[in-house]
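Beneath this line is the structure, given in structure tokens, with notes to follow.
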Amino acid sequence: MSVVIITGSGGLIGGAAASFFSKRFDRVIGVDNDMRRHFFGDEASTRWHVEQLRGELPNYVHHYADIRDREAMERIFMEYHTDISLIVHAAAQPSHDKAADIPFLDFEVNATGTLNLLEFTRRHCPKAVFIFTSTNKVYGDTPNHLPLEELETRWEVAQDHPYYSQGIDERMSIDQTKHSLFGASKVAADVMVQEYGLYFGMRTGVFRGGCLTGPKHSGTQLHGFLSYLMKCAIHRTPYTIFGYKGKQVRDNIHCDDLVHMFDAFFENPRIGEVYNAGGGRFSNCSMLEAIAVCEMITGNRMDITLSDINRVGDHIWYVSDLSKFKAHYPNWEHRYGIEETLVQIFNEFRTRPT
Ligand SMILES: NC(=O)c1ccc[n+]([C@@H]2O[C@H](COP(=O)([O-])OP(=O)(O)OC[C@H]3O[C@@H](n4cnc5c(N)ncnc54)[C@H](O)[C@@H]3O)[C@@H](O)[C@H]2O)c1
């Protein structure tokens, strides 16, 4: 029997991975305790998504278990043992801002939870491929020191800078920079995933996400930028932009594009590898540009407040360079741009059972 374990399976990435890999594996084991609801409140609950997966995927088995719970996690690994050939670890406390209110919980989920899964992989299925969803916040606010130019609707890196053509690559330092406590707990996990590869020879891959997006996100103010923005546009909820005149640029990768990256890595894995994984030059937008697209799709004028105060350590301009991944996996390419993704999010909100 072939088994994949997916943590955070109620979330955006875990859910997309569960749907995709259910066609490839005999059994998909999802782990998610709906902690997103605990972090962000009822509107962010991912239980609806878990129930949808249970209803739609006949080979999906769910555990409402906590990745911090070592006994519960080890029981799952012991049950399937070497039948497990892939672990997609996407459970997390995912918010930059939230982490400062809950530093212990943030670290225990993001860092210790990851260590638990790595160690049980080593003990019970050391040949399995282990995929970790890291973040561009491991680079801290170093990107804010790039030479940036202000354009009409966005900040942009100077045209003569090496990052102009493709974006930021994996060689940017993760040291001596302001990460936020979230970024720091993810650094701990990111380095540990690399270490289980480099030290034990395990097939571990770190994917440092830009903004991850897609229709099944349970968007909320503190996390899930495009999903929450579209929700506000549909319901005409006031939306506040924090700092940088709304011209801050994020690259956004559709969850299905990211899952295809995971699949390429699974098919041809490497040891302790690290990739930047965002929308890159193919799919990026500033806040102002994203608002304009939401207004066009919904036909609603958004109620926007522009605050002068930026979120601590927030990126002004971040675009991922995916050249390394593309060199290793030349058949992979982006498929979904900003506008198409926002249309999908809009359509999803009209049918979602929340
Ligand atoms: N969404 C983004 O923009 C973004 C950007 C960069 C990196 N990432 C990373 O990608 C991963 C997936 O992000 P997402 O957007 O799908 O997040 P998400 O919040 O939608 O999904 C995470 C899921 O993990 C679950 N979870 C949290 N703590 C848990 C615990 N202790 N035990 C079991 N389940 C738990 C939550 O209930 C949630 O359903 C995370 O590691 C996140 O840090 C996300």
Side-chain angles (χ1 to χ4, degrees), residues 5-18 29-53 62-70 72-73 76 88-96 98-99 102 104-117 131-139 179-180 182-183 185-190 193 206-220 222-229 250-256 258-259 261-262 275-279 315 318 320 341:
I5 293 181
I6 300 177
T7 70
S9 53
L12 172 76
I13 301 307
I29 307 300
V31 176
D32 196 312
N33 62 351
D34 198 15
M35 204 148 182
R36 189 174 170 88
R37 178 166 178 263
H38 174 82
F39 295 140
F40 308 119
D42 289 348
E43 81 161 349
S45 170
T46 52
R47 192 171 275 263
W48 66 272
H49 197 186
V50 168
E51 294 312 319
Q52 206 172 64
L53 295 172
H62 192 78
H63 292 263
Y64 276 106
D66 191 321
I67 59 166
R68 293 173 301 164
D69 181 343
R70 282 197 194 123
M73 286 309 108
I76 294 172
V88 177
H89 174 33
Q93 188 301 104
S95 164
H96 182 96
K98 183 73 187 175
I102 49 166
F104 292 119
L105 186 53
D106 174 81
F107 195 85
E108 284 157 11
V109 172
N110 287 352
T112 314
T114 302
L115 176 59
N116 292 344
L117 297 163
I131 287 173
F132 173 59
T133 47
S134 186
T135 166
N136 61 15
K137 293 293 185 309
V138 299
Y139 300 118
H179 296 92
S180 79
F182 159 75
S185 65
K186 292 294 269 193
V187 165
D190 179 309
V193 174
V206 171
F207 290 76
R208 293 179 174 160
C211 279
L212 315 180
T213 186
K216 308 267 184 203
H217 224 175
S218 302
T220 184
L222 287 179
H223 192 248
F225 150 57
L226 288 180
S227 168
Y228 183 65
L229 191 67
R250 281 98 179 70
D251 66 336
N252 299 272
I253 185 166
H254 192 288
C255 52
D256 291 350
L258 184 63
V259 170
M261 291 176 88
F262 296 167
Y275 299 109
N276 285 352
H315 289 153
Y318 192 94
S320 315
T341 303

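In each ligand, atom 1 is the first atom listed, and ligand 1 is the first ligand listed. Predicted model only: the values in this text are computed from it and were never measured.
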(request) Do me a favour and list the nearest non-hydrogen protein atom to atom 19 (O) of ligand 1 with residue, atom name and distance? (result) Arg36 NH1, 2.7 Å
(message) Which of the numbered atoms in ligand 1 are under 4.0 angstrom from any heavy atom belonging to Thr133?
(response) 9 (C), 10 (O), 11 (C), 40 (C), 41 (O)
(message) Using the ring centroid of each side chain, check whether His223 and His217 are separated by less than 6.0 Å.
(response) yes
(message) Under a plain distance cut-off of 3.5 Å, with no hydrogens placed, do Asn110 and Gln93 share a side-chain donor-acceptor pair?
(response) no
(request) Using a 4.0 Å heavy-atom threshold (strictly under), name the region of Val109 that reaches ligand 1: side chain, backbone, both or neither. (result) side chain
(request) State, without any angle test, whether Thr114 and His89 hold a side-chain donor-acceptor pair at a distance under 3.5 Å. (result) yes
(message) Below a 4.0 angstrom heavy-atom separation, can you tell me which part of His223, side chain or backbone, both or neither, approaches ligand 1?
(response) side chain
(message) Quick check on contacts: which atoms of ligand 1 are under 4.0 angstrom from a heavy atom of Ala91?
(response) 24 (O), 26 (N), 34 (N), 35 (C)
(message) Quick check against the 3.5 Å criterion: does Thr7 have a side-chain atom that pairs as donor or acceptor with the backbone of Ala91?
(response) yes
(message) Taking 4.0 Å as the limit for heavy-atom contacts, which would you say applies to Ser134 with ligand 1: side chain only, backbone only, both, or neither?
(response) backbone
(request) Check whether any side-chain heavy atom of Met73 sits under 4.5 Å from a side-chain heavy atom of Leu117, and report yes or no. (result) yes
(request) Looking only at protein heavy atoms, identify the closest one to atom 32 (N) of ligand 1 and say how far it is in Å. (result) Ile67 N, 3.0 Å
(message) Classify the ring geometry of Tyr64 against His62: parallel below 30°, tilted from 30° to 60°, perpendicular beyond 60°.
(response) perpendicular
(message) Under a 4.0 angstrom heavy-atom cut-off, which atoms of ligand 1 come close to Asp34?
(response) 37 (O)
(message) Quick test: of every protein heavy atom, which one is nearest to atom 43 (O) of ligand 1, and how far off is it to 0.1 Å?
(response) Lys186 NZ, 2.9 Å
(message) To the closest 0.5 Å, what do you measure between OG (Ser180) and NZ (Lys98)?
(response) 14.0 Å
(message) Counting only nitrogen or oxygen atoms and a 3.5 angstrom limit, does Cys211 reach ligand 1?
(response) no
(message) Let me confirm one number: the CG-CG distance from Asp251 to Asn136, rounded to the nearest 0.5 Å.
(response) 7.0 Å
(message) Tell me the protein heavy atom at minimum distance from atom 5 (C) of ligand 1, and give that distance in Å.
(response) Gly210 O, 2.9 Å
(message) I'd like to know whether the aromatic ring centres of Phe262 and Phe207 sit less than 6.0 Å apart in this structure.
(response) yes
(request) Kindly identify the option in Gly10, Ala92, Gly113, Gly183 whose heavy atom sits closest to atom 27 (C) of ligand 1. (result) Ala92
(request) Pick one of side chain, backbone, both or neither for how Ala65 approaches ligand 1, counting any non-hydrogen atom pair under 4.0 Å. (result) backbone
(message) Please list the nearest protein heavy atom to atom 15 (O) of ligand 1 with its residue and the distance rounded to 0.1 Å.
(response) His217 NE2, 2.8 Å
(request) Can you pull out the closest protein heavy atom to atom 31 (N) of ligand 1? Residue, atom name and distance to 0.1 Å, please. (result) Asp66 OD1, 2.8 Å
(request) Looking only at protein heavy atoms, identify the closest one to atom 22 (C) of ligand 1 and say how far it is in Å. (result) Ala90 O, 3.6 Å
(message) I want to know if ligand 1 touches Leu12 in the polar sense, i.e. an N/O pair below 3.5 angstrom.
(response) yes
(message) Main chain of Lys186, side chain of Lys137: is a donor-acceptor contact present, judged purely on distance under 3.5 Å?
(response) no
(message) Whether the Asn276 and Arg208 side chains hold a donor-acceptor pair (N or O, under 3.5 Å, no angle test) is what I'd like checked.
(response) no
(request) Could you check atom 8 (N) of ligand 1 against the protein and tell me its nearest heavy-atom contact, residue, atom and distance included? (result) Leu212 CD1, 3.5 Å
(request) Report the part of Gln93 (side chain from C-beta onward, or backbone N, CA, C, O) that has a heavy atom under 4.0 Å from ligand 1; answer both or neither where that applies. (result) neither
(request) For ligand 1, indicate whether the residue Asn33 contacts it via side chain, backbone, both or neither (heavy-atom separation under 4.0 Å). (result) both
(request) Working to the nearest 0.5 Å, report the span between CG of Asp32 and CG of Leu53. (result) 9.5 Å
